[in-house]
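Only this structure's heavy atoms are used, side chains among them; waters, hydrogens and symmetry mates stay out. Chain letters run A, B, ... following the sequence lines, proteins first, then strands; residues in each count from 1. Since the model is a prediction, treat every value here as computed from it, not as a measurement.
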2 protein chains.
Amino acid sequence: MAEHRPTMNDVARTAGVSLKTVSRVVNGEPTVAPDLAARVHAAVESLDYRPHLGASMLRRNDKRTRTIGVLLDDVSHPFSAAVHRAVEDEARARGVHVLTGSLDHDPVRERDLAAAFAERQTDGLILAPTGSNLESPTMPVVYVDRPPTGAAGDTVVSTNVSGAAGAVRHLIAHGHRRIGFLGGDQHLSTARDRHLGYQRALGRRAGPAVHDLRDPTAALAAAVAMLRGPGSPTALFADQSSMTIGAVRALHRLGRQHEVALIGFDDFPFADLLDPPITVVAQDPSRMGRTAAAALFERIEGYDGAPREIRIPTTLIARGSGEL
Amino acid sequence: MAEHRPTMNDVARTAGVSLKTVSRVVNGEPTVAPDLAARVHAAVESLDYRPHLGASMLRRNDKRTRTIGVLLDDVSHPFSAAVHRAVEDEARARGVHVLTGSLDHDPVRERDLAAAFAERQTDGLILAPTGSNLESPTMPVVYVDRPPTGAAGDTVVSTNVSGAAGAVRHLIAHGHRRIGFLGGDQHLSTARDRHLGYQRALGRRAGPAVHDLRDPTAALAAAVAMLRGPGSPTALFADQSSMTIGAVRALHRLGRQHEVALIGFDDFPFADLLDPPITVVAQDPSRMGRTAAAALFERIEGYDGAPREIRIPTTLIARGSGEL
DNA sequence: AAATCGAGGGACAACGTTGTCTCGCAGTAG
DNA sequence: CTACTGCGAGACAACGTTGTCCCTCGATTT
């Protein structure tokens with residue numbers, strides 16, 4: 001015959017009890033006699049019965065799916081990956097599973113995936129917003145890395161302005177006056193905030209700045225041009241790790257890695273093994289992920305306070321490249 | 001009133017058609033008059049109706065959930081993260097979503113998560129097996145990075161033996177005779193295979209070997225001990241990136257990074273920026289992920305051939321640390 | 001010994017959707 | 001003018017599970 005998934009009815013028949021009793025046992029209700037429960041468990045084992053999640057969800061439509069969605073820029077990027085892992089750990093502690101997606105800063109993908117997750121009835125969403133306006137979400141959402149545009153919700157961000165300002169002040173304290181800025185996509189508030197911190201620390205002395213760099217290669221080219229140009233800076237500030245990598249490559253290519261200072265925003269692996277070791281403003285992506293997950297689960301549990309902005313402090317890790 | 005999710009019935013009422021017609025429109029059946037379809041679409045929009053996935057799955061129980069599971073060692077590890085991203089891209093191209101989990105080499109977690117995903121009715125699973133015996137899975141599974149124990153299935157692996165042997169032969173060709181081995185958990189076939197490649201290339205000349213190193217710190221200590229001990233090797237081979245990092249730190253700490261050669265299995269970010277740049281046997285995790293996903297989708301589509309072992313070639317990237 | 005009580009367990013309906021069947025109606029042929 | 005065809009659309013049942021209600025049966029009380 002056609003083999004079909006065993007149902008509660010099948011279990012009930014082999015255990016010699018009623019359908020409802022099986023349901024009780026499976027759901028752990030206490031009002032079942034021990035011997036019956038044992039018979040049911042045995043039948044479940046022998047048939048390899050698994051409850052049909054769809055049917056269960058249908059009947060008690062209040063039930064959580066115990067699944068959340070996590071939409072980040074790129075799950076293979078170290079920052080996103082660390083956030084993802086931290087969220088997963090928090091979720092696991094609560095028996096919740098995680099659906100993931102990489103957005104690559106594409107608003108269309110953001111909208112599609114958010115809608116798909118909504119349809120799948122995830123209980124909530126952790127989102128690194130692309131910056132386009134989003135429709136008001138149909139489930140709890142916590143934003144991470146940057147605030148949403150055109151919506152409100154709990155947001156977990158790094159202290160971008162003060163972190164960048166601290167880095168630049170560190171350079172100033174070591175005697176630098178001409179400090180170049182290498183920045184990514186200005187549509188993202190992180191890039192804007194870090195540039196703002198840079199400007200605040202320098203005031204009128206703000207040096208050459210290049211924005212909207214797409215990748216390390218673009219940053220490399222921009223850094224080389226900046227260092228060869230007139231009024232060549234004595235120090236560089238890079239607003240994210242891919243910019244920092246480009247800057248490192250540029251300095252090595254020019255052979256000036258020991259005479260031009262460099263501080264990067266966001267730590268990266270092996271920064272301490274380079275020559276010179278790279279001074280960075282470290283974010284704490286694990287803590288950001290944990291915090292975002294904790295906030296999301298509070299919302300899922302029903303907390304209904306005003307949107308919160310949670311700022312995770314950055315740490316200046318002086319390794320030698322910024323103190324030249 | 002209690003606000004509840006709009007149902008097809010609500011849509012039917014506002015559109016002034018029957019329940020079934022709404023079902024037809026939502027499912028894109030062609031036999032609906034255009035004006036009715038338009039009315040239904042308008043009603044769907046205005047009510048923000050979303051089909052209830054559970055109910056849908058219940059009725060047509062053949063339907064795919066269009067979700068797969070991906071269980072890797074640690075989604076924040078660069079190798080796993082790259083595999084994950086590649087799988088996600090393949091899945092997206094097919095309109096499939098991805099549930100993730102990090103196993104941390106824990107067989108309990110592997111079993112729990114695989115069972116949970118099965119219950120959620122994922123269409124398939126991509127798994128980096130922990131090495132414990134697993135029960136025969138209830139859905140298509142493709143193994144990645146290493147083959148399963150006590151089960152059979154499509155498996156996507158790197159050419160571990162020949163890759164490691166090639167690296168060691170590279171060292172031999174540059175005059176090295178005493179070559180130390182730094183290896184991870186021998187329960188994993190990757191560690192065993194890479195050690196086997198090392199042994200094959202060296203034959204009777206196999207040098208000092210340390211196994212079961214847990215992390216870079218352990219590898220650092222082992223490398224220092226090895227280099228200070230009698231018959232100190234002139235070259236090191238590290239069987240995975242965390243071992244390589246430990247070896248790099250050890251060489252730097254001893255100040256011998258320019259006199260002891262080093263080749264690591266698995267590339268890592270910025271290996272080319274270190275001093276000296278690190279020669280590695282690069283895996284291709286993106287291709288492994290894409291290949292695994294492609295194989296999984298073939299299985300999901302019903303392909304039922306014998307289990308395949310797909311070997312993804314490694315590439316020796318000579319950067320300077322292995323040619324001292 | 002009769003009445004009461006409580007707990008275990010079963011019958012039944014309902015969740016939101018889709019497959020099947022049927023019906024109505026317009027268009028066409030006989 | 002009737003009969004037939006075909007297509008669009010509605011009525012109804014069914015998917016597997018859980019909530020509600022009720023019944024049974026043994027134990028306790030008076």
With respect to the phosphate group of dC7(D), does any side-chain polar atom (N or O) of Thr31(B) fall under 4.0 Å of OP1 or OP2?
no
Return no unless some side-chain N or O of Thr21(B) is found under 4.0 Å from OP1 or OP2 of dA9(D).
no
Whole angstrom is fine here: how far is it from [atom1] in [X] over to [atom2] in [N]?
X        : N       : atom1 : atom2 : answer
Leu19(B) : dT20(C) : CG    : P     : 16 Å
Arg59(A) : dA14(D) : CZ    : C1'   : 16 Å
Arg5(B)  : dC15(C) : CZ    : P     : 15 Å
Leu53(A) : dG16(D) : CG    : C1'   : 12 Å
Asn27(B) : dG19(C) : CG    : P     : 7 Å
Met8(A)  : dG16(D) : CE    : P     : 12 Å
Met57(B) : dT17(C) : CE    : C1'   : 12 Å
Arg60(B) : dG16(D) : CZ    : P     : 15 Å

Name the residue closer to the 5' end of DNA chain D, choosing between Lys20(A) and Ser18(B) according to the nucleotide with the nearest heavy atom.
Ser18(B)
Pick base, sugar-phosphate or nothing for [X], based on heavy-atom distances below 4.0 Å to the nucleic acid.
X        : value
Thr7(A)  : sugar-phosphate
Leu36(A) : sugar-phosphate
Val32(B) : sugar-phosphate
Asn9(A)  : nothing

When Val142(A) is tested against each of Asp154(A), Leu127(A), Ile68(A) for side-chain contact (heavy atoms from CB on, under 4.5 Å), which residue passes?
Asp154(A)
5' precedence on DNA chain C between Ala55(B) and Arg24(B) (nearest-nucleotide basis):
Ala55(B)
If you measure from the Lys or Arg side-chain nitrogens to the Asp or Glu carboxylate oxygens, is any gap between Glu301(A) and Arg94(A) under 4.0 Å?
no
Can we say Arg290(A) and Asp284(A) salt-bridge, meaning some charged N sits less than 4.0 Å from an Asp/Glu carboxylate O?
no
Would you please indicate if the ring centroids of His187(A) and His105(A) are separated by under 6.0 Å?
no
Could you check whether Ser102(B) and Asp104(B), counting side-chain N and O atoms only, form a donor-acceptor pair closer than 3.5 Å?
no
In terms of side-chain heavy atoms of Pro51(B), which of dG9(C), dT17(C), dG16(C) is nearest?
dT17(C)
